[in-house]
Each structure stands twice: as structure tokens, then as C-alpha cells.
Amino acid sequence: SLFSQLSKKHARVVDQIRESAVTETDNEDPSEQNLMADLAVLEEVLRMVLEILNSCLAASLHHNPHLIYSLLYQRELFNSFKTHPTFQDILQNIDIVLSFFSARVEEHGKGSNLSPSEVLEVIKEGSVQFRRDKLKKFPDLKFKYVEEESPEEFFIPYVWSLVYHASNMYFNASRILLFSLSAS
């Protein structure tokens, strides 16, 4: 769903850039620069989502049958990005997985429509037989926590609000100064 929403936004921004290019004047338009910046950020986020999907498929395919089912169901979402240089390498892996499972579902269906539970069962059986060595290796994903300048401004009121709401201890609410009671 996240990839779907981001790809729709990406398509809108690309369309806006094309429209502004058609009606372009000789001066640099600041709104066009904003659109280009938006496009760059969207493509970076789309790439990150694809990397996460790829990591789920490459590292633990057999634990993600519902993800494979969803990807098969919404397979056409990836078509517009297959030729985009930013996404080609990652989409090759996703396409290999989807082609493998799509062929298995078609083979088991043979003219009849399979129920969702039957498709899921085919996916579970196929995930045991899928050879991960077909997939291109990518570096492991690593995310780094970056601490804000004053994390205590968030964490202290947050922790105390948890204590206030989740503990059986009595606090006089009118004397609490660390957090707002209306935020709960």
C-alpha cells in the first residue's frame, strides 16, 4: 500500500514536471525546482521501500507468503518503474520472485480460478523450492538512529505520560507540569 501511494504521487509529480516543461518560459521557475526536489525525495523513498521488500524476499522468503501474495496481486504497480535506472536492479530481483510464483500459480490453476487460500498454499509450497541464489545480492540494510539535539524534550514527557496512564499509582493531575493531559 505504501509503495502504491508513493508511486501515484511519483506519477503526479512527473506529470506536473512534463506540463511545466511544455509551458516553459525562458526563466527558471522556482516551482519547477521544487517539483524536481520533490521527485528526487520520492525516488529515494521509493528505492528504500523497494530495498525493504527485496530484503524481505531475499532473506526470508518462506516467512513472507502474504507479502508475495500481495505483490502478485498488485504486480502491475512495478511495471512503470522497470525501465527507470534508479529502480532497475532491485526490480529485477522482485520480478524474478514474482515470475516464479506467478508461473506456479498458473500451473496449479490450469484454467480454473484458485481461491485466495489455495494461492497462498501454492506460494507456501513454492517458497520452500525457490532457489535464492537466483537473486542478486545487495548489502544488508542498516538504519542508524540519529539523536536530536534535545531528545529529553520528547522522551521525558512521553515516559511520564505512560507512567501516568498505565500505572496504578495516584497522581494529582492538576499538579502535573511535564505533559498535557489533553494530549491523551
message = Checking Ser115 against Glu121 for the side chain to side chain contact (heavy atoms under 4.5 Å, CB included) test, could you report, in this order, the C-alpha distance in whole Å, the side-chain angles of both residues, the deciding distance, and whether it holds?
response = CA-CA 10 Å; Ser115 70; Glu121 197 57 41; over 6 Å; no

Nearest non-hydrogen partners of Phe171 and Ser167, listed with the distance = CE1-OG, 4.2 Å

query = Hey, quick one: are Leu6 and Met36 part of the same hydrophobic cluster, counting side-chain heavy atoms closer than 4.5 Å, chains of contacts allowed?
reply = yes

ask   = Between Leu61 and Val97, which heavy-atom pair has the shortest distance, and what is it?
value = CD1-CG1, 4.0 Å

remark   = What one should report as the nearest heavy-atom pair of Leu35 and Val13 is O-CG1, 3.6 Å

ask   = Transitively linked via ILVMFWY side-chain contacts under 4.5 Å: Phe154 with Leu162?
value = yes

ask   = Can you list the steps and then say if Leu57 with Leu71 is a side chain to side chain contact (heavy atoms under 4.5 Å, CB included)?
value = CA-CA 11 Å; Leu57 296 174; Leu71 293 175; 3.9 Å; yes

task = Report yes if the side chains of Asp15 and Arg12 come closer than 4.5 Å at any heavy-atom pair, otherwise no.
result = no

message = Assigning hydrophobic clusters by single linkage (Ile, Leu, Val, Met, Phe, Trp, Tyr; side-chain heavy-atom cutoff under 4.5 Å), is Ile156 placed with Met169?
response = yes

query = Can you name the closest pair of heavy atoms from Pro65 and Lys124 and give their distance?
reply = CB-CG, 3.9 Å

message = Counting only heavy atoms from other residues, nucleotides and ligands, does the tally under 6.0 Å from OH of Tyr73 exceed 12?
response = no

key: Gap separating the CG atom of Asn64 from the CD1 atom of Ile123, nearest 0.5 angstrom   = 11.0 Å

remark   = Rounding to 0.5 Å, atoms CG (Leu42) and NZ (Lys9) come to a distance of 6.5 Å

message = Between Arg47 and Glu43, does the salt bridge (charged side-chain N to carboxylate O under 4.0 Å, His left out) criterion hold? Intermediate values first, please.
response = CA-CA 6 Å; Arg47 171 91 184 172; Glu43 287 179 353; over 6 Å; no

Test item: Ser161 side-chain N/O and Tyr158 main-chain N/O as donor-acceptor pair under 3.5 Å = yes

key: Heavy-atom pair with the smallest gap, counting every atom of Leu50 and Ile90   = CB-CG2, 3.5 Å

Expected output: side-chain Ser55 to main-chain Glu51 donor-acceptor under 3.5 Å = no

ask   = NZ of Lys137 to CZ of Arg132: how many Å apart, nearest 0.5 Å?
value = 6.5 Å

ask   = Within a radius of less than 6.0 Å around CD of Glu152, do more than 12 heavy atoms belonging to other residues, nucleotides or ligands occur?
value = yes

request  = Mind checking the CG-CG spacing from Asn34 to Leu39? Nearest 0.5 Å is all I need.
outcome  = 12.5 Å

task = Drop me the distance from Gln33's CD to Asp38's CG, to the nearest 0.5 angstrom.
result = 12.0 Å

inquiry  = Looking at every non-hydrogen atom in both residues, tell me the closest pair between Asn113 and Glu118 and how far apart they are.
reply    = O-OE1, 4.4 Å

inquiry  = Does Asn168 have more than 12 heavy atoms from other residues, nucleotides or ligands lying within 6.0 Å of its CG?
reply    = no

request  = Mind checking the CD1-CG spacing from Ile94 to Leu135? Nearest 0.5 Å is all I need.
outcome  = 10.0 Å

Whether Ser7 side chain and Ser4 backbone form a donor-acceptor pair below 3.5 Å = yes

inquiry  = Can a side-chain donor-acceptor contact be found between Arg104 and Ser127 if the only test is distance below 3.5 angstrom?
reply    = no

ask   = Do Gln74 and Phe3 pass the side chain to side chain contact (heavy atoms under 4.5 Å, CB included) test, and can you show the C-alpha distance, the side-chain angles, and the key distance before you say yes or no?
value = CA-CA 10 Å; Gln74 296 185 344; Phe3 186 82; over 6 Å; no

request  = Kindly say whether the aromatic ring centers of Phe78 and Phe87 come within a distance under 6.0 Å.
outcome  = no

task = Mark yes or no for whether Asn93, through its side chain, and Lys136, through its backbone, hold a donor-acceptor pair below 3.5 Å.
result = yes

